[in-house]
Amino acid sequence: MDRIRVVGGRPLEGTVRISGAKNASLPALCATLLTDDPVVLSNVPEVRDIRTMGRVLGALGASCEFRVGGTVDARAARIDAVEAPYDLVKTMRASVLVLGPLLAREGRARVSLPGGCAIGARPINLHLQALARMGATIEIEHGYVEAKAKRLVGAEVQFETVTVTGTENVMMAACLADGETVIRNAACEPEIEDLAALLVKMGAAVAGAGTPTVRVVGRERLGGARHAVIPDRIETGTFVAACAIAGGEIEIQRCAPAHLRAVVDKFRETGVRIEEGPDNLRVRAPRTIRSCDVRTLPHPGFPTDMQAQYMALMTQAAGAATITETIFENRYMHVAELQRMGADIRVEGRTAVVRGPTPLSGARLMATDLRASACLVLAALAAAGETIVDRVYHLDRGYYRIDEKLRGLGADVERLT
Ligand code: EPZ
């Protein structure tokens, strides 16, 4: 059980390179199930969740070779099994993304229900309703979804709530369906557009990705492709927050500023100086951080995956900031740990009020989920003395060597194994 030790108080300087996006790589790996030809993905982050997805694909009979430097050779020449087992799905809910491709290609899929997680109940009812509209029979038994369809049929799907992986599952399923599928109230995240770009390279007919209405005309089969996944916009935002809270000036390279408009605008509002280049950001921390309210929303709104990191910054801001979490019902697990460092935060339902600036002191902390753990590491950069963050396996699920990257920027951070 690795831990991370941070001694706070050092401003950051230098450059950091952003890795590929976890949340674009996961659906891209699942899309390789839609063809028996080879697919080569590059810029894939070497993080724990990607390895888990490799094991899920392996359990289905597909090969997934990870090469150093973020290239993955994937090929589902044959599908030997259509079951995504509980033991894998329970460690990573994104495994549910094999449901659409398996059903479309094999006419059958058996996927363990993901169950709840630290940040919320996170049901997949909308995924199942949409696939049922496309002609699948769906049964839930023994904790598994059993889905069957001789061949999926194009349909009109309207999502009651915007869902990222729901949109991705239906987009992939529709690629081999008979006829046209129209997805309304679709998620517009950059990861959706990136998946569509891969699917089109594989020969699919996908239009409107990145807008609330996505159209897919099914094909008999798809082919192979080569595709570089987009940079990780949440990792980028995390480093903007790190610089803002620790002080100093950094350059963030190999990122996609256009993908985090709401984040850049919000941090500027707090006083952070941010200069944008085509694939880089120059970030300078302000002397005084202004407290600003924020509400998490689906893209292009402020991402829920940046809420915890933003909260860490608001503990050092002058005044009171109201944070409203509209996506997940239980995404304040980091609050109690921040309070243990001395932060002044009040939570009522989906709203948290953060008063600052309050001096933080280093402490022994426990990470509970991916973004909460990033928040604790950021808070530790501003805290007096030493902080130890336990259970950093959460962090490793979605950040590539964040401790090394922070050390490269001059922070006093080390991994205790
Ligand atoms: C994706 O999760 C991301 N994960 C999450 O990132 C991210 O927080 C989330 O989108 C929102 O941006 C991946 O892409 C792998 P949703 P997803 O379906 O697709 C409700 C991270 O830190 N809902 O868009 O699972 C749901 O409960 C992770 O990298 C239903 O009610 O999220 C939630 O309240 C954490 N029924 C809301 O919709 C459904 O069938 C949005 O969830 C589906 C969703």
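Whatever order the structure lists ligands and atoms in, that order sets their numbers, starting from 1. Just so you know, residue 1 is the first one in the sequence shown, and it goes up from there.
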For ligand 1, which atoms sit closer than 4.0 Å to a heavy atom of [X]?
X	result
Thr165	17 (P), 19 (O), 25 (O)
Ile124	39 (C), 40 (O)
His127	40 (O)
Lys22	21 (C), 29 (O)

Given [options], the one that forms side chain to side chain donor-acceptor pair (under 3.5 Å) with [X]:
X	options	answer
Glu235	Arg17, Lys22, Lys405	Lys405
Glu325	Asn330, Thr351, Thr304	Thr304
Gln307	Arg331, His334, Arg371	His334

For [atom], closest protein heavy-atom neighbour:
atom	answer
atom 25 (O) of ligand 1	Arg122 NH2, 3.0 Å
atom 26 (C) of ligand 1	Phe328 CE2, 4.3 Å
atom 23 (N) of ligand 1	Pro123 O, 4.1 Å
atom 24 (O) of ligand 1	Val164 N, 2.8 Å
atom 14 (O) of ligand 1	Asn23 CG, 3.4 Å
atom 20 (C) of ligand 1	Thr161 CG2, 4.5 Å
atom 29 (O) of ligand 1	Arg371 NH2, 2.8 Å
atom 5 (C) of ligand 1	Asp305 OD2, 3.8 Å

Glu189-ligand 1 polar pair, N/O distance under 3.5 Å:
no
Residue part near ligand 1, for [X], under 4.0 Å between non-hydrogen atoms:
X	answer
Thr163	both
Glu329	neither
Arg331	side chain

Looking at the rings of Tyr144 and Tyr86, which for Trp means the six-membered one, are their centres under 6.0 Å apart?
no
Taking only Lys NZ, Arg NE, NH1 and NH2, and the carboxylate oxygens of Asp or Glu, determine whether Arg105 and Asp36 approach each other closer than 4.0 Å.
no
Judged by atom type as modelled, is there a donor-acceptor pair below 3.5 Å linking the side chain of [X] to the main-chain atoms of [Y]?
X	Y	value
Arg350	Thr326	yes
Asp49	Leu26	no
Thr52	Arg48	yes

Working for side chain to side chain contact (heavy atoms under 4.5 Å, CB included), residues Val96 and Val89
CA-CA 7 Å; Val96 73; Val89 177; 5.8 Å; no
With atom 33 (C) of ligand 1 as the reference point, say which of Thr304, Ile327, Thr167 has the nearest heavy atom.
Ile327
Nearest heavy atom to atom 40 (O) of ligand 1 wins, so pick from Leu97, Leu128, Leu126.
Leu126
Side-chain donor-acceptor pair under 3.5 Å between Gln158 and Asn185, yes or no?
no
If the plane angle is over 60° it's perpendicular, under 30° parallel, otherwise tilted; pick one for Phe302 and Phe267.
tilted
Kindly state if atom 3 (C) of ligand 1 has a protein heavy atom within a strict 4.0 Å cut-off, that is, under 4.0 Å?
yes
Carefully, step by step, assess Asp396 and Val47 under the rule side chain to side chain contact (heavy atoms under 4.5 Å, CB included).
CA-CA 6 Å; Asp396 295 334; Val47 295; over 6 Å; no
